[in-house]
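Worksheet: one structure, shown below.
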Amino acid sequence: MGLLTQLGTFPLAPVRGVAWVMERVLEAAENEYYDTEPVERELAELERALLAGDIDEETFDRREDELLDRLDEIRAHQQGTDT
């Protein structure tokens, strides 16, 4: 960018700054949403609860299906962004 262009677009600098911050916030939120670690941790905790007798088999199966579906969604997203 030339000096005249920078001077001419200087009033838009706060807008560009806000847009940049919003992009970083969105990126961080997506990284957190599509992280497999919390889902895998919850699956392990679910199995521990079943083995300890804290939950019944039906509750385990229902919640396990939900978590496995979530893992499938995350992996599909990761494959879509990796290609």
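Worth knowing before you read on, the calculation uses all heavy atoms, side chains too, and leaves out hydrogens, waters and symmetry mates. From a predicted model like this one, the values you see are computed outputs, not experimental measurements.
Under the 4.0 Å criterion applied to side-chain N and carboxylate O atoms, R63 and E42 are assigned as salt-bridge partners. Salt-bridge formation is detected for the pair E37/R41: a Lys NZ or Arg NE/NH1/NH2 atom is positioned less than 4.0 Å from an Asp or Glu carboxylate oxygen.
The distance from the CG atom of L71 to the CD atom of Q78 is 9.5 Å, given to the nearest 0.5 Å. The CD atom of E66 sits 9.5 Å away from atom CG of L46, with the distance rounded to the nearest 0.5 Å. Put simply, CG on L67 and CG on D72 are 11.0 Å apart, with the number rounded to the nearest 0.5 Å. Interatomic distance, CD1 of I55 versus CZ of R62, reported as 9.0 Å (0.5 Å rounding).
Heavy-atom neighbours of E23 CD from other residues, nucleotides or ligands within 6.0 Å: above the threshold of 12.
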> Checking salt bridge (charged side-chain N to carboxylate O under 4.0 Å, His left out) for the pair R75/E40: CA distance, chi angles, key distance, verdict?
Replying inline: CA-CA 12 Å; R75 290 185 178 131; E40 292 168 346; 3.7 Å; yes

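Grouping the Ile, Leu, Val, Met, Phe, Trp and Tyr side chains by contacts below 4.5 angstrom, directly or via other members, places W20 with V25.
By the 4.5 Å heavy-atom criterion applied to side chains, E73 and Y33 are counted as neighbours.
Here the shortest heavy-atom pairing between I74 and Y34 reads CG2-O, 3.2 Å. Heavy atoms only, all atoms of each residue included: L43 and E64 are closest at CD2-CG, 4.0 Å.
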